[in-house]
Protein chains: 2
Amino acid sequence: MPSEPLESSNVVGHRMRSRREELGWSQEKVGVLIGIDESSARARISRYELGLHEAPVKTARQIAEALGAPLEYLYCEDDNLAAVLLSLAKLKPNARKQVVSRWLAELA
Amino acid sequence: MPSEPLESSNVVGHRMRSRREELGWSQEKVGVLIGIDESSARARISRYELGLHEAPVKTARQIAEALGAPLEYLYCEDDNLAAVLLSLAKLKPNARKQVVSRWLAELA
DNA sequence: AAACTAAGACTGTCTTAGCAG
DNA sequence: CTGCTAAGACAGTCTTAGTTT
């Protein structure tokens, strides 16, 4: 069972990979950006993306930041909502707060 | 350092606790709901909420579901956005899809 | 009742080294 | 060069048992 994925769904690894590929980056680049030694960066990122190992939240947060995404993006199970969370994070802080407040009022 | 929290921020534990308290449930109730034996349910949920231990994503997903929240809610670092994600999850599937699609178009 | 904690058992991750495409 | 994998070293969680409020 060492070669069996931890999760059949593997949302987090899936989001990590899709974001990384959108940016055209290697696994090594992502790993080194978050401070992993270049000798093990590829192995670790590979396992995260495949869902063989699970990154602790602290590490997931670093990867999300490196990929220009908010932490909740990595754990979002709906593709369209994930896209919303990503676009939202690209807004300037003030604009983002206004949008979120409006949505909150809309749903409340 | 065994008594030191893993994370100074501890978003996940914080969201678990606030949701559980909103529902007026005990830690044991949440644990038993996700299939933990009642003899260890309190200890495990307590450590998750305090951030002393980190729940694997599979367990976090079970807890989120028991608390009536989507997985991304537990990892959302912005309080207002977390409230949006929670409200959104309460809509019927069709209504939710429409809202998300509209937001996506609005930001794209 | 309810929440928290210590400690050993247990389970998963991380590094190293190397293979495959 | 880029991604993937085995295996031992290592770090984390889980259960049990018990304390605290």
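This structure is a prediction, so every number in the text was calculated from the model and none was measured. Letters go in sequence order (proteins before strands), and every chain restarts at 1. Hydrogens, waters and symmetry mates play no part in the numbers below; they use all other heavy atoms, side chains included.
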Considering only heavy atoms from C-beta outward, does the side chain of [X] approach that of [Y] to under 4.5 Å?
X	Y	answer
B/Glu106	A/Trp103	yes
B/Leu81	A/Leu85	yes
A/Glu72	B/Leu74	no

For this session: Tell me which nucleotide among D/dC4, C/dA3, C/dC14 gets nearest to the side chain of A/Pro56.
Result: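 So the nucleotide nearest the side chain must be C/dC14.
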Exercise. Which nucleotide in the list C/dC14, C/dA17, D/dA17 gets nearest to the side chain of B/Ala43?
Worked result: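 My answer, after comparing the listed nucleotides, is D/dA17.
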Measure [atom1]/[X] against [atom2]/[N] and give the value in whole Å, please.
X	N	atom1	atom2	result
B/Leu52	C/dA3	CG	P	15 Å
A/Leu50	D/dT2	CG	P	17 Å
B/His53	C/dC4	NE2	C1'	12 Å
B/Ile45	D/dT13	CD1	P	14 Å
B/Glu54	D/dC14	CD	P	10 Å

Exercise. Can you name the residues that form a ring-ring contact (aromatic ring centres under 6.0 Å, His included) with A/Tyr75, not counting sequence neighbours?
Worked result: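 Counting only residues at least two positions away or on another chain, A/Tyr75 forms a ring-ring contact (aromatic ring centres under 6.0 Å, His included) with B/Tyr75.
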Problem set entry | Charged N-O contact under 4.0 Å between A/Arg44 and A/Glu28 |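 No, no charged N to carboxylate O under 4.0 Å.
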Exercise. Thinking salt bridges, do A/Arg61 and B/Glu77 make one under a 4.0 Å N-O criterion?
Worked result: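 Salt bridge: yes.
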Exercise. When rounded to the nearest 0.5 angstrom, what is the spacing between OH in A/Tyr73 and CE in A/Met16?
Worked result: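 That separation rounds to 11.0 Å.
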Exercise. For DNA chain C, what string of dots and brackets results from 5' to 3' when Watson-Crick and G-U pairs need both distances under 3.5 Å, crossing pairs get [ ], and pairs with another strand get |?
Worked result: |||||||||||||||||||||
For this session: Provide the full list of ring-ring contact (aromatic ring centres under 6.0 Å, His included) pairs with a residue in residues 23-43 of chain A, sequence neighbours left out, each pair given once.
Result: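 Counting only pairs at least two positions apart or across chains, no ring-ring contact (aromatic ring centres under 6.0 Å, His included) contact touches residues 23-43 of chain A.
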For [N], does OP1 or OP2 lie under 4.0 Å from any side-chain N or O of [X]?
X	N	result
A/Arg42	D/dT2	no
B/Tyr48	D/dT13	no
B/Arg47	C/dT5	no
A/Arg44	C/dT15	yes

For this session: Using a 4.0 Å heavy-atom cut-off across all strands, classify A/Glu49 as base, sugar-phosphate, or nothing.
Result: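 Answer is nothing: A/Glu49 stays at 4.0 Å or more from every strand.
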Exercise. Which atom pair, heavy atoms only, marks the closest approach of B/Ala60 to B/Ala55?
Worked result: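 Shortest heavy-atom separation between B/Ala60 and B/Ala55 comes out as N-CB, 4.3 Å.
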Exercise. Between A/Ile63 and A/Ile45, what is the shortest heavy-atom contact and its length?
Worked result: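 It is CD1-CD1, 4.1 Å.
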Exercise. Mapping A/Ser26 and B/Thr59 onto DNA chain D by nearest heavy atom, which one lands closer to the 5' end?
Worked result: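 Residue closer to the 5' terminus by nearest nucleotide: A/Ser26.
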For this session: Scan residues 27-41 of chain A against DNA chain C and write down, sorted by residue number, each residue with any heavy atom closer than 4.0 Å; if none is found, say none.
Result: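 Under 4.0 Å from DNA chain C: A/Ser39, A/Ser40.
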Exercise. Residues from residues 10-21 of chain B sitting under 4.0 Å of DNA chain C, heavy atoms only?
Worked result: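 Under 4.0 Å from DNA chain C: B/Arg17, B/Arg20.
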For this session: Say whether, by atom type as modelled, one donor and one acceptor occur between the side chain of A/Asn10 and the main chain of A/Glu49 under 3.5 angstrom.
Result: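 Yes, because the side chain of A/Asn10 sits within donor-acceptor range (under 3.5 Å) of the backbone of A/Glu49.
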Exercise. Under the salt bridge (charged side-chain N to carboxylate O under 4.0 Å, His left out) rule, what pairs show up with a residue in residues 82-100 of chain B, not counting sequence neighbours?
Worked result: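 Salt bridge (charged side-chain N to carboxylate O under 4.0 Å, His left out) check on residues 82-100 of chain B returns no pairs.
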